[in-house]
Protein chains: 4
Amino acid sequence: MSEDRSTRRIRLGMVGGGEGSFIGAAHRAAARLDDQFELVAGALSSTPGRAHASAAGLHIAHDRSYADYAEMARAEARRSDGIDAVAIVTPNHLHVPVALAFAEQGIHVICDKPIATSLAEAEALAQRVRERGLLFLLTHTYSGYPMVRQARELVAQGAIGEVRIVQVEYVQDWLGEPIEQQGHKQAAWRNDPRQAGPAGALGDIGTHAYHLAGYVTGLKLHELAAELSTFVPGRALDDHVQVMLRYEGGARGLLWASQVASGSRNGLRLRVYGSTGSLQFDQERPEELWLTRPGQPSQCLYRGVPSAPGGLAQAHRIPAGHPEGYLEAFAQLYRDFARAWRGEAGVQLPGLDDGLDGMAFVEAVLRSHREGMRWVRPAR
Amino acid sequence: MSEDRSTRRIRLGMVGGGEGSFIGAAHRAAARLDDQFELVAGALSSTPGRAHASAAGLHIAHDRSYADYAEMARAEARRSDGIDAVAIVTPNHLHVPVALAFAEQGIHVICDKPIATSLAEAEALAQRVRERGLLFLLTHTYSGYPMVRQARELVAQGAIGEVRIVQVEYVQDWLGEPIEQQGHKQAAWRNDPRQAGPAGALGDIGTHAYHLAGYVTGLKLHELAAELSTFVPGRALDDHVQVMLRYEGGARGLLWASQVASGSRNGLRLRVYGSTGSLQFDQERPEELWLTRPGQPSQCLYRGVPSAPGGLAQAHRIPAGHPEGYLEAFAQLYRDFARAWRGEAGVQLPGLDDGLDGMAFVEAVLRSHREGMRWVRPAR
Amino acid sequence: MSEDRSTRRIRLGMVGGGEGSFIGAAHRAAARLDDQFELVAGALSSTPGRAHASAAGLHIAHDRSYADYAEMARAEARRSDGIDAVAIVTPNHLHVPVALAFAEQGIHVICDKPIATSLAEAEALAQRVRERGLLFLLTHTYSGYPMVRQARELVAQGAIGEVRIVQVEYVQDWLGEPIEQQGHKQAAWRNDPRQAGPAGALGDIGTHAYHLAGYVTGLKLHELAAELSTFVPGRALDDHVQVMLRYEGGARGLLWASQVASGSRNGLRLRVYGSTGSLQFDQERPEELWLTRPGQPSQCLYRGVPSAPGGLAQAHRIPAGHPEGYLEAFAQLYRDFARAWRGEAGVQLPGLDDGLDGMAFVEAVLRSHREGMRWVRPAR
Amino acid sequence: MSEDRSTRRIRLGMVGGGEGSFIGAAHRAAARLDDQFELVAGALSSTPGRAHASAAGLHIAHDRSYADYAEMARAEARRSDGIDAVAIVTPNHLHVPVALAFAEQGIHVICDKPIATSLAEAEALAQRVRERGLLFLLTHTYSGYPMVRQARELVAQGAIGEVRIVQVEYVQDWLGEPIEQQGHKQAAWRNDPRQAGPAGALGDIGTHAYHLAGYVTGLKLHELAAELSTFVPGRALDDHVQVMLRYEGGARGLLWASQVASGSRNGLRLRVYGSTGSLQFDQERPEELWLTRPGQPSQCLYRGVPSAPGGLAQAHRIPAGHPEGYLEAFAQLYRDFARAWRGEAGVQLPGLDDGLDGMAFVEAVLRSHREGMRWVRPAR
């Protein structure tokens with residue numbers, strides 16, 4: 001495009017995310033926080049009345065509130081002030097068709113994870129998005145935390161030597177009872193294979209854990225062996241995942257994800273042990289990153305503390321001691337997207353490759369589980 | 001006004017807060033987070049060039065960027081789409097003149113703390129704002145944290161019995177060196193009595209600590225005895241404050257504020273001990289509130305955990321385990337302001353009374369210090 | 001025996017534990033703490049000079065310092081004031097022969113873990129000890145912590161419902177470098193299969209983790225799948241263990257033990273998740289036990305706090321807030337042994353069954369690892 | 001004496017500490033832990049029957065169980081195997097008369113704190129003990145923690161620059177109700193001025209806090225201003241203390257001690273802020289010491305971690321990660337006493353000077369409180 005992208009706000013549309021949606025509200029707050037986006041269009045619900053009511057509450061003009069995402073893609077593409085990017089916050093099975101509909105119109109895509117319900121589907125999407133030369137942001141939110149980025153930089157700098165052990169876990173308890181059978185909407189689609197795909201906790205939070213481990217360590221998985229469990233009677237999908245990990249180069253690890261771990265809120269934790277030190281990150285205390293070398297005091301690195309090793313001056317908004325949290329991490333992804341959209345070089349977004357890796361991981365876990373927990377090599 | 005305030009965004013102006021200002025950026029992010037405000041005008045700097053450059057970066061139309069706040073107040077009052085409220089984020093000595101200028105035009109006021117540099121000045125302002133029937137929000141940010149509000153509710157419910165002991169502290173280290181003599185702008189005005197008023201750390205953070213203690217306990221101070229210190233040579237104002245507190249009804253306490261407490265980031269902590277239990281809050285871990293009764297396990301109440309005693313369903317945005325922080329607390333005050341502006345009954349804002357109490361506290365501390373740490377009763 | 005055992009101190013001998021031994025010193029301090037034992041004989045080293053020097057430093061009479069454990073067993077059995085019990089703190093391969101030597105003389109046995117280097121060897125020992133009707137304490141120290149016992153009681157009382165998930169880990173870093181090749185005596189025997197047996201980290205700390213999980217949950221393992229790793233070049237035994245656990249009744253779990261987890265000191269941690277709540281224990285903060293029920297505040301149970309659920313009045317010495325630690329936990333096992341020796345009914349000691357279970361676990365892990373991580377059922 | 005003191009155990013007597021006494025049991029466990037003492041005599045209670053029953057339970061020979069401390073002092077002095085030292089664990093008012101009785105016989109003294117009930121009394125004792133050239137250990141237990149000693153060394157080495165701020169607190173809740181009026185023996189004597197002296201919480205725990213601050217910082221108090229409170233109706237002595245501190249050289253501080261701080265166990269915490277860093281110690285997590293320099297990561301120094309700054313190789317027994325606690329700290333004082341008794345040079349014991357300083361502190365607090373919280377300079 002010839003227009004000057006350096007200053008104007010990005011025009012954003014949203015598919016999904018009507019009233020009551022947690023993740024839609026999170027995307028919108030994230031988009032607002034740094035004031036680089038304006039939400040101007042939406043197909044917020046597949047129920048027209050609900051869609052329009054939600055749109056009105058969000059100051060979206062009535063003529064840009066759509067009940068159908070395909071119509072929205074076409075209509076917005078025709079407008080001179082049409083959306084620059086679409087945020088997709090639907091149940092999983094719609095990620096790919098919605099993304100394709102907008103990509104076909106040359107509209108950039110911001111998509112919640114997992115990218116798809118199968119690797120094949122994800123590959124088709126990836127090919128099309130690449131052909132069109134579009135930006136694609138997969139919102140692996142946790143990679144937006146400043147201390148996660150500092151951890152990644154520390155590993156890359158060799159601050160803990162060669163990585164030997166990776167321990168990652170993501171545990172919640174909100175599916176400890178069969179609430180999907182009791183009208184809980186968020187739980188219902190997540191445990192319906194037609195909407196969620198073949199993976200339950202595995203797809204919903206296991207993919208986050210897997211992404212976080214790879215993001216920080218830079219390691220590529222060689223093979224895995226996995227067991228899925230379903231603790232709650234009558235549930236169609238897994239609610240508990242245990243995976244043994246063998247990374248290329250010899251590192252070993254465990255991944256554990258559960259949505260029935262009673263008393264857990266949103267316990268995403270990563271520990272990485274190298275030949276000369278270790279790093280620990282706990283998402284519920286995201287301002288802190290622990291770095292410990294054998295025989296030395298443990299160091300608590302804190303966001304915004306300037307002299308910490310591996311610090312990233314740009315990765316936060318407010319001074320140390322004024323806690324940032326989940327929305328700020330989310331906003332960081334939107335900020336990065338904006339930087340890329342404005343043409344800044346070298347911006348790394350979690351995107352298509354992360355999505356494909358995630359789907360390959362999911363499929364390898366499913367296969368290992370089906371085949372008696374044998375070692376399986378992910379397709380990529 | 002006869003217009004429908006139920007849905008439209010509040011038109012906001014800002015005085016102060018140009019490039020490089022921490023607190024201006026915090027106000028703007030807080031205003032954006034819940035999408036109930038739009039920033040449409042500003043006198044962001046007293047240097048016209050800087051004011052206009054800052055305004056452009058914030059998508060403020062050029063004709064609504066002012067170099068002079070008095071002009072802004074008059075001009076905005078004349079517009080049919082003029083601002084509904086002004087956010088004042090200047091150095092302390094301008095709070096009252098700016099607030100008066102807008103109040104005279106019938107524009108609501110959101111003002112950073114401390115409200116003024118003297119009680120007399122604050123009283124004049126309060127009288128005028130009340131006469132005009134305007135909303136006045138004094139941004140004692142920390143009272144916006146959900147767990148602080150839960151603490152207040154717990155005390156009010158009698159969860160810890162009769163309050164006996166109040167321990168509050170606010171410690172930082174960023175003024176441990178004489179950076180105000182080395183061109184650090186934020187430090188410079190805070191240590192210049194003409195801009196900051198007669199109180200240094202006392203006014204800057206001591207007032208926050210004092211407010212937090214009163215907000216949570218509901219106690220009224222009876223008298224105090226205080227000592228101010230200045231540890232950094234050449235500094236004009238106090239950088240360390242110690243105060244003994246006697247509350248009405250017999251509770252005792254200590255308040256400690258310091259900006260030279262090496263290794264501290266933004267350590268605002270409150271502990272309240274009653275006859276049957278205690279509460280502890282640490283601003284750097286704002287998702288947690290500790291409630292302990294003698295001989296019982298300590299309970300860690302967590303934001304968003306529904307069955308916790310004294311819980312406030314409405315006081316947060318995202319589920320437990322997805323950390324909220326400083327900006328969300330700040331946004332809560334803006335959200336409350338919006339609720340009041342839209343006519344909701346019963347909304348409590350930190351406002352004029354809090355500002356007057358704060359100034360009475362500051363003046364009592366200054367007097368006790370001057371008079372050899374004798375017991376002094378605040379003027380209100 | 002007809003003597004009155006109600007008051008006199010138990011006469012204790014020790015095999016192994018000469019100067020420089022950590023575990024020997026720990027046993028002795030544990031025995032002393034409650035003043036129910038007196039150390040009167042020893043074969044503290046297989047080097048006579050070292051044995052006698054160590055004995056003198058411990059106030060052991062010269063004629064009861066032995067260079068040979070077999071001689072000690074015979075000689076002490078002949079004395080009217082001979083030892084009542086022997087504490088065995090040698091490298092692993094000597095546990096069984098030493099224990100047998102004393103058991104044959106009717107002397108009770110206190111033995112460090114692991115009980116043996118093979119299940120067969122352990123079974124032979126168990127049979128003989130049982131035939132002789134002797135007490136046998138296997139010092140799984142961590143089961144002596146009051147909060148571990150409280151956790152066990154809470155699970156038994158149903159405080160967390162039916163156990164679904166068990167996460168246990170024991171991580172250290174002291175073998176992160178090949179110090180066994182550099183003259184480090186403690187490291188040398190642990191990595192020498194002739195002294196340590198076929199298991200490295202698995203036998204040394206993996207057995208502790210396995211015991212702790214079983215002790216607290218009361219669950220019996222159904223089968224496991226395991227991978228052993230050796231990260232340090234030239235090392236003969238495993239230094240890193242990962243195990244998938246399937247318990248009888250359907251609970252799932254992970255066990256992870258490592259002696260190359262950089263930056264770890266003595267990180268034994270257990271987390272147990274049931275259908276209605278969870279428990280967490282961290283050995284490095286042994287005064288605390290966390291109990292969390294979904295949607296409720298987390299409770300930090302603290303040793304000595306009387307009204308905590310599942311509390312054990314007898315299981316500690318000093319009031320809450322006066323930290324007890326590792327030696328006190330160790331002493332608890334000695335105290336329990338003394339209670340059993342004095343004839344108190346119902347005292348439970350970690351003993352032969354725990355030792356046999358531990359060896360069955362070790363052998364199942366070794367087999368699963370050898371056979372490509374297939375699921376293996378322990379021999380008991 | 002001409003005997004060889006290098007190896008034999010020190011013969012210890014005890015006055016006070018009969019059944020049910022917490023502090024007597026703590027002294028005995030501390031004395032046993034390193035096996036350098038044997039308890040051989042006692043006047044454990046002023047009630048003969050209780051004294052003898054307690055003695056029997058502690059393996060003290062009947063002829064060395066006394067009902068009267070004065071008789072014990074004379075009798076033990078006459079024996080060739082008489083005690084070398086006496087441990088005094090009575091209520092406060094007996095500390096001086098008992099200590100004098102034994103000192104007159106040339107017997108070394110180990111005395112619980114506070115040393116006396118008045119400075120004058122303490123001075124008389126000090127003079128006599130010095131004249132006799134005896135060892136005197138005042139059991140300020142908390143100075144026995146390895147991390148407290150490391151803190152002291154760090155301050156002395158200049159690791160935090162010049163000390164500016166001292167914050168020390170000691171808070172408990174066990175006197176939150178008037179249990180002294182309900183038959184609680186430990187509470188009864190502590191709130192009886194005839195047994196406790198004129199200071200309640202001030203003498204019982206305030207002196208510990210004061211000692212800890214001085215021990216770590218090496219600072220000498222210049223003057224103080226204090227307020228005492230009694231929250232529990234009917235109580236004769238203070239249960240809550242707040243003190244403003246002015247140290248020589250300009251440092252400022254606050255000391256707070258309370259026995260009615262609901263939900264507190266044994267919360268002794270010290271924070272010291274210097275010109276270039278700060279230290280924090282919390283007695284309930286005694287294995288940790290936090291060192292933070294402005295703009296740097298916080299360092300958690302851990303007992304036994306060898307490369308930590310200011311580390312003390314000798315000050316602990318078991319490796320890092322195997323928690324030591326209160327009894328080990330207590331035992332450290334006994335170990336130091338033994339080193340001094342055996343003739344080792346340069347051993348520093350908390351002793352007469354600490355006791356005199358403590359009494360001067362108590363009397364200055366009492367006077368400041370009586371005189372309207374005016375600034376008072378301690379008599380030494």
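Quick note on labels: first sequence line is chain A, next is B, and so on, each numbered from 1. The structure presented is a predicted model; accordingly, all values stated were derived computationally and were not measured.
With sequence neighbours excluded, the residues that form a salt bridge (Lys or Arg N to Asp or Glu O under 4.0 Å) with Arg285(B) are Glu288(A). Tyr334(A) is linked by a ring pair (Phe, Tyr, Trp, His ring centres under 6.0 Å) to His27(A), Phe37(A), counting only residues two or more places apart in sequence or in another chain.
With a 4.5 Å cut-off on side-chain heavy atoms, Glu324(B) and Leu327(A) do not count as touching.
Residues of residues 53-63 of chain B placed with any heavy atom under 4.5 Å of a heavy atom in chain A are listed by number as Leu58(B), His59(B). Contacts with chain A (heavy atom to heavy atom, under 4.5 Å) involve these residues of residues 260-271 of chain B, listed by number: Arg265(B), Asn266(B).
When each of Tyr145(B), Phe330(B), Phe22(B) is checked for a ring pair (Phe, Tyr, Trp, His ring centres under 6.0 Å) with His322(A), only Phe22(B) meets the rule.
With a 4.5 angstrom heavy-atom cutoff, Arg28(B) does not touch chain A via any of its atoms.
Judged purely by atom type and a 3.5 angstrom limit, Gln172(A) has no side-chain atom pairing as donor or acceptor with the backbone of Gly321(B).
Ranked by heavy-atom pairs under 4.5 Å with chain B, the list Ala30(A), Pro323(A), Gly325(A), Pro286(A) is led by Pro323(A).
Distance check, rounded to the nearest 0.5 Å: CZ of Arg32(A) to CG of Asp35(B) gives 4.0 Å.
For CD of Gln186(B), the number of neighbouring non-hydrogen atoms (other residues, nucleotides, ligands) closer than 6.0 Å is greater than 12.
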